[in-house]
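Note sheet for the following structure.
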2 protein chains.
Amino acid sequence: MAIFSKTCEYAMRAVFYVAQRSHEGYKVGIKEIAGHINSPEPFLAKILQQLSRDGVILSTKGPNGGFYFDAASLNRPLADVVTAVDGDDIFTGCGLGLTYCSESNPCPLHEEFKKVRNQLTHMLHTTTIGKFNLGLIKGKFTLNK
Amino acid sequence: MAIFSKTCEYAMRAVFYVAQRSHEGYKVGIKEIAGHINSPEPFLAKILQQLSRDGVILSTKGPNGGFYFDAASLNRPLADVVTAVDGDDIFTGCGLGLTYCSESNPCPLHEEFKKVRNQLTHMLHTTTIGKFNLGLIKGKFTLNK
DNA sequence: ATGATAAAAGACAAAAATATCTTTTATTGA
DNA sequence: TCAATAAAAGATATTTTTGTCTTTTATCAT
């Protein structure tokens, strides 16, 4: 059991790949994306549809179509991707799964857990979709396996 | 999608409850635990069986039996509970789900994600199973809903 | 020893997450 | 306009997680 769901992992990998290709001036088809991030193609299609509906990623149909980001979208935080596919439980939920738990009525683990949650939130809000474009283009990173 | 699985949330709540009762000198039956942490009884039974097999929690069958902790076990870290039910993916896994990712061959998100993972690891290792006993006994916290 | 109690174990069921397949819609270029 | 392309949408399948039920085993008190 990892921190993010499989859906979310695929979404983030896909977004980083599309961002890189957008930076290089290309739109990308689902097949190319799935191949480069090592994800099941039809499942990834569903995920990107969701991101597209939420306005996180852009897409056009037809020849030379595909998924892409404009300059503004490249500066959006990775948190938007996570929220679009998994909701915001990961940013707001109680560590013990208790619905009553809040700042004013905390569960036992609240103070301890809050630090972790806040760090995760901070990380996902300061990491932009386009942050790794240069590293990816230079081949410093890969996104498959 | 929360950070911990439902299984893990129930496990942590149950462990805190049993720890409190052990501190008070009682063993606890599955029915009492399930009632106090608001979890499905037979499902919780499976989870506690797993913890018992792993030696994280102690139990005895028969009349006046139930689950409990000895003094040494009360000082074990909450991390042991998480590992027993969910494995150690949450402590070691890549944020993007990439198997190649490591300190020497990092994925794009590695440095950023590492901080979050380390904070979570630190929190779960410094929080002991018995840490909230006094707060729970005083009614400062509850573990249901 | 025996009956009552309570966890352990095993088989089974429902729900959610993950994955696939087919049809429809939009866009492009000839 | 028409054929080709590629995403969107809808229906379906599989796997994992979550949840239930029944039988077995161990322990205690009498």
Side-chain angles (χ1 to χ4, degrees), chain A residues 1-15 17-18 21-22 26-35 37-69 82 84-87 89-90 97, chain B residues 1-15 17-18 21-22 26-35 37-69 82 84-87 89-90 97:
Chain A
M1 183 73 40
I3 289 196
F4 298 114
S5 66
K6 221 115 225 337
T7 307
C8 194
E9 290 174 353
Y10 291 149
M12 293 189 289
R13 302 220 298 266
V15 154
Y17 180 74
V18 175
R21 297 293 282 155
S22 290
Y26 300 105
K27 289 175 185 159
V28 210
I30 186 71
K31 182 164 286 186
E32 179 183 336
I33 305 171
I37 72 164
N38 191 42
S39 74
E41 190 188 315
F43 185 49
L44 182 63
K46 288 295 171 199
I47 297 169
L48 293 183
Q49 275 170 36
Q50 176 66 36
L51 290 178
S52 178
R53 254 182 260 122
D54 274 45
V56 175
I57 203 169
L58 301 169
S59 72
T60 59
K61 298 181 180 182
N64 307 316
F67 296 92
Y68 66 101
F69 292 106
V82 174
V85 299
D86 272 357
D89 247 37
I90 207 170
Chain B
M1 185 71 44
I3 290 196
F4 299 114
S5 66
K6 219 115 226 340
T7 307
C8 193
E9 290 175 353
Y10 290 148
M12 292 189 290
R13 302 221 296 267
V15 154
Y17 181 73
V18 174
R21 298 293 282 154
S22 290
Y26 300 105
K27 288 175 186 159
V28 212
I30 185 71
K31 182 165 285 182
E32 179 183 337
I33 305 171
I37 71 165
N38 190 43
S39 74
E41 190 188 314
F43 185 48
L44 181 63
K46 287 295 170 198
I47 297 170
L48 293 184
Q49 274 169 36
Q50 177 65 38
L51 290 179
S52 178
R53 252 182 261 119
D54 274 45
V56 175
I57 203 169
L58 301 169
S59 72
T60 59
K61 298 181 179 181
N64 307 316
F67 296 92
Y68 65 101
F69 291 105
V82 175
V85 298
D86 273 356
D89 248 38
I90 208 170

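Naming: A, B, ... by sequence-line order, numbering from 1 per chain.
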Have a look at B:L48 and say if it touches a base, only the backbone sugar-phosphate, or nothing, with a 4.0 Å heavy-atom cut-off. nothing
Work out which heavy atom in A:I33 is nearest to a heavy atom in A:F67; give both atom names and the distance. CD1-CD1, 3.9 Å
Assuming nearest nucleotide by heavy-atom distance, tell me which of B:P40 and B:K27 is located more 5' along DNA chain D. B:P40
Between C:dT18 and A:Y10, is there an OP1 or OP2 to side-chain N/O distance shorter than 4.0 Å? no
Of C:dA7, D:dT18, C:dA17, the nucleotide closest to the side chain of B:K6 is D:dT18
Rounded to whole angstrom units, what separation is found between the CG atom of A:D54 and the P atom of D:dA8? 12 Å
May I have the distance from A:I57 (atom CD1) to D:dA7 (atom P), rounded to whole angstrom? 10 Å
Would one find a side-chain N or O of A:T60 under 4.0 angstrom from OP1 or OP2 of C:dT28? no
Side chain of B:F67, heavy atoms from C-beta onward: which of C:dT20, C:dA7, D:dG19 has the nearest atom to it? C:dA7
Which pair of heavy atoms, one from B:A14 and one from B:L44, lies closest together, and at what distance? CB-CD1, 3.9 Å
Taking CD1 from A:I47 and P from C:dT18, how many angstroms apart are they, rounded to a whole number? 8 Å
Does D:dT17 have OP1 or OP2 under 4.0 Å away from a side-chain N or O of B:T7? no
Interatomic distance where CD belongs to B:E9 and P belongs to D:dG19 [whole Å]: 10 Å
Please classify the nucleic acid contact of A:K46 as base, sugar-phosphate, or nothing, using heavy-atom distances under 4.0 Å. base
To the nearest angstrom, the NZ-C1' distance between B:K31 and C:dT5 comes to 12 Å
Quick check on C:dA6: is either OP1 or OP2 less than 4.0 Å from any side-chain nitrogen or oxygen of B:N64? no
Send over the distance from B:R53 CZ to C:dA9 C1', rounded to a whole Å. 8 Å
With distance as the sole criterion, do the side chain of B:Q49 and the base of C:dA9 form a donor-acceptor contact below 3.5 Å? yes
Among D:dA7, C:dA19, C:dA4, the nucleotide that comes nearest once only the side chain of B:P63 is considered: C:dA4
Nearest to the B:K61 side chain among C:dA6, C:dT27, C:dA19, which nucleotide is it? C:dA6
State whether B:S59 places a side-chain N or O below 4.0 Å from either non-bridging phosphate oxygen (OP1 or OP2) of C:dA6. no
Can you find a pair of side-chain heavy atoms, one from B:V28 and one from B:R21, that are under 4.5 Å apart? yes
Quick one: are B:Y10 and B:V85 in side-chain contact, heavy atoms under 4.5 Å? no
5'-most by nearest nucleotide on DNA chain C - A:G62 or A:L44: A:L44
Between B:I30 (CD1) and C:dA8 (P), how many Å, whole number? 9 Å
Under 4.5 Å between any side-chain heavy atoms of A:M1 and B:I90, yes or no? no
Identify the heavy atoms of A:F4 and A:E9 that sit nearest to each other, and give their distance. O-OE2, 3.7 Å
Whole angstrom is fine here: how far is it from CD in B:E32 over to P in C:dA7? 10 Å
Touch class at under 4.0 angstrom, heavy-atom based, for B:V28 against every strand present: sugar-phosphate
Under 4.0 Å between any heavy atoms, over every strand shown, what does B:P42 touch: base, sugar-phosphate, or nothing? Just pick one. base
